[in-house]
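See structure below.
First the proteins, then the strands, lettered A, B, ... as listed; each starts at 1.
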There are 2 protein chains.
Amino acid sequence: MTTGAQRLEAARHRLESLGVRLTPQRRVVLEVLAAQPERHFSAQELYERARRRAPALGLATVYRALLLFERAGVVSRLNVGQEEDRFEFELERGHHHHHLVCLGCGRILEFKEDLLEDLEARIQAETGFQIVDHRVHFTGYCPRCRARGVAPPSP
Amino acid sequence: MTTGAQRLEAARHRLESLGVRLTPQRRVVLEVLAAQPERHFSAQELYERARRRAPALGLATVYRALLLFERAGVVSRLNVGQEEDRFEFELERGHHHHHLVCLGCGRILEFKEDLLEDLEARIQAETGFQIVDHRVHFTGYCPRCRARGVAPPSP
DNA sequence: ATGCCTGCAAACATTTTGCATAGCG
DNA sequence: CGCTATGCAAAATGTTTGCAGGCAT
């Protein structure tokens, strides 16, 4: 099992190899993310958390860091529904999981598995589109909301 | 093959059965969408097009109509990258296609096929999450951008 | 000394809301 | 008549940008 420290080290490596300097501010942002993988932070949340350790930090810096990290493949961005973007630490490429977005309470659950490699290969072969990454999310109702009767009857 | 008229009829039916009134404004928005399935309109684009037929139409009305249509399953919303939301007519439920978003030029290509039914079934069985719909998009580089050398070398 | 990085504030784009009016059932 | 839908303008939201000052190389 990978520890937080190992993940961080891997991320640092990747950033360095791409010539992205890990400034104090960026490091704090990265560490907050790496401390809790499997969590989906909004830029705002991240900002607040990071500010506990770097009170002078600016929100714009957080956005800039996230963009950088995203491009480096160290962080991935989640666009779901009407909400703000969420960010999460990306352990390693090709090791995806899917997101289950609850229409009742907005929670994001995860499902660890990625069965899209075959499909990716087919798409590349058939269309010539060179795939870099993919995003999948399922919308629906989580067990909790179903239990509370929030979910509509299945059609 | 389904015609635009048939699609519209199906949509009208669905809206009616859900008690959503098809006012003149909504009808125009729906018709613009139905006239070109396989296209991904921003609210703004839609607004401009619809206004040719209903010059007094307000942008807010377009947004309100889209929300309604989305909830009724007649239109689906696409969240991709940093861009505004895009909307497209949804032919019929369970008849999905995937989106290929080009990082080079921003174009959205489509890939007609949906292999996620099995996965959906498994997720529902294993997690108790009741899936209503899913969104998949692949990011990468389209053939045109690859030809122009915009795509980075594969890693 | 140069150039990237930062914080702040202002700008921006998209989407939502409040409200008075108009139209339908 | 009451209720919903509409247009307009203003507000809210999330994100990006410009710029002056700092820090590191």
When you check the phosphate oxygens OP1 and OP2 of [N], does a side-chain N or O of [X] lie under 4.0 Å from one of them?
{"X": "Thr23(B)", "N": "dT6(D)", "result": "yes"}
{"X": "Arg26(A)", "N": "dC5(C)", "result": "yes"}
{"X": "Arg64(B)", "N": "dT4(D)", "result": "no"}
{"X": "Thr61(B)", "N": "dA5(D)", "result": "no"}
{"X": "Tyr63(A)", "N": "dT15(D)", "result": "yes"}
{"X": "Gln25(A)", "N": "dG7(C)", "result": "yes"}

Rounded to whole Å, please give me the gap between [atom1] in [X] and [atom2] in [N].
{"X": "Leu67(A)", "N": "dT6(C)", "atom1": "CG", "atom2": "C1'", "value": "16 Å"}
{"X": "Leu46(A)", "N": "dG14(D)", "atom1": "CG", "atom2": "P", "value": "14 Å"}
{"X": "Leu66(B)", "N": "dT14(C)", "atom1": "CG", "atom2": "P", "value": "14 Å"}
{"X": "Arg27(B)", "N": "dG23(C)", "atom1": "CZ", "atom2": "P", "value": "16 Å"}
{"X": "Asp85(A)", "N": "dT13(D)", "atom1": "CG", "atom2": "P", "value": "16 Å"}
{"X": "Leu18(A)", "N": "dC4(C)", "atom1": "CG", "atom2": "P", "value": "17 Å"}
{"X": "Glu45(A)", "N": "dT15(D)", "atom1": "CD", "atom2": "C1'", "value": "16 Å"}
{"X": "Arg21(A)", "N": "dT25(D)", "atom1": "CZ", "atom2": "C1'", "value": "8 Å"}

**Report entry** Ion pair Arg86(A)/Glu84(A), N-O distance below 4.0 Å
**Finding:** yes
Query raised in the report: Is it true that Arg51(B) and Glu48(B) make a salt bridge, defined as a side-chain N closer than 4.0 Å to a carboxylate O?
Result: no
Query - CZ on Arg64(A) to CZ on Phe69(A), rounded to 0.5 Å - result: 13.0 Å
Report summary line: In short, Leu59(B) meets Ala43(B) closest at the heavy-atom pair CD1-O, 4.2 Å
**Report entry** Residue closer to the 5' end of DNA chain C, Pro55(A) versus Pro24(B) (nearest nucleotide)
**Finding:**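 Of the two residues, Pro55(A) wins.
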Query raised in the report: When you match Glu84(A) and Ala56(B) each to their closest nucleotide on DNA chain D, which lands nearer the 5' end?
Result: Ala56(B)
**Report entry** Residue met sooner reading DNA chain D from 5', once Leu68(B) and Arg51(B) are mapped to nucleotides
**Finding:**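 Comparing both residues, the 5'-ward one is Leu68(B).
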Requested in this report: May I ask you to decide if Ala72(A)'s main-chain N or O and Arg14(A)'s side chain share a donor-acceptor pair within less than 3.5 Å?
Outcome: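 Yes; judged by distance alone, with no hydrogens or angles, the pair exists.
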